[in-house]
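Here's the structure, in structure tokens; my notes come after.
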Amino acid sequence: MLKKIALSAVVLASSLLASGEVNVYSSRHYDTDKELYKMFEKKTGIHVNVIQAKADALIKRMESEGDKSPADVLITVDAARIFKAQEKSLFQSINSKYLVENIPAKLRDKDNRWFAVTKRARIVAVKKGVQAPVYYEDLAKPEYKGQIMVRSSSNVYNQSLMAAVIAHKGVEKATAWAKGIVANMARNPKGSDRDQARAVAAGLGSMAIMNTYYMGKLANGSASDKDVVTKLKVIFPKFKNGGTHVNVSAAGVAKYSKNKENAIKFIEFLASKDAQSIFAKGNYEYPVVKGAEISPLVKSWGTFTEDDISINKLGENNAAAVKALDVAGWR
Ligand SMILES: [Fe+2]
């Protein structure tokens, strides 16, 4: 008898819990996010369960789980992956006045299947005293031979940059540009964005192509990484007919979400001014909504004009970008 009562109490407790939770599949890997999840739990009483893995693994998992998938929200760190999840019909359209009114159209899906929640620029960290490039186009010029540090083309940040080059110039000119970059590489691509900056500071090459927040992480990292940053200057290159390339972290509500209302609340929370300031200050990213504060360090790098290519376009061009990078010999 006692056992039976205990069991039904467990069933009751777990059903209460089920109405108050949101299951998040996230490929973000930053400490700020844990802080945000705690804030959301405190504010709403909705418990956040997180499964963190690379986007491709999460996408595969959602595909194989099908309508049994426990995922309510999928978060990726890149335009191409959010587009891939969309193409595989892993999201559903949602109604959110707040998200539509506060996130610019180029940073969200036109059918409201996903929304960018943070931005990052792909910049060049230049060794102090070196003539800095003004345009992305400049990076392919012979005058920069042996000077460029950049990671592999298997990295999705480079693929999205290439997708933007294709959007501006077409495949042929974009391939020629990538060949120019390959000719200017200081070494065969290896390591992370941060490793490129470290290599420049160590005297290999004179400029690193990387995402902005990694400069923030270096500046707040180990003593040797802090030293790396003192040797570099952040440059925001732009396209000759556009602005500085920006990529996003984006979130969408899973097609088979069992906690849809909670999932919407969760994404609205990530796009709230408070949460946006935490992303921006804690992880050195740029907010997607107006009025959120940014980190003083990020502010010190100066302002830039964002490129106007939509995130959707970057996703659409991903396959062409991967192919063109391969043709160009960017390993
Ligand atoms: Fe990253």
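Atoms within a ligand are numbered from 1 in the order they appear, just like the ligands themselves. Only this structure's heavy atoms are used, side chains among them; waters, hydrogens and symmetry mates stay out.
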Test log, rule salt bridge (Lys or Arg N to Asp or Glu O under 4.0 Å), inputs Asp193 and Arg122: CA-CA 10 Å; Asp193 273 11; Arg122 196 138 183 84; 2.8 Å; yes
Result of checking Phe304, Tyr213, Phe279 against Tyr286 for ring pair (Phe, Tyr, Trp, His ring centres under 6.0 Å): Phe304
Arg113/Asp111 ion pair, N-O < 4.0 Å: yes
Heavy-atom side-chain contact between Arg61 and Ile51 under 4.5 Å: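 They are in side-chain contact.
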Side-chain heavy-atom pair Glu285, Ile294 within 4.5 angstrom cut-off: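 No, their side chains stay 4.5 Å or more apart.
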Side chains of Asn312 and Lys106, donor plus acceptor under 3.5 Å: no
N, O or S atoms of the protein lying under 2.8 Å from the Fe ion (ligand 1): Tyr157 OH, Tyr213 OH, Tyr214 OH
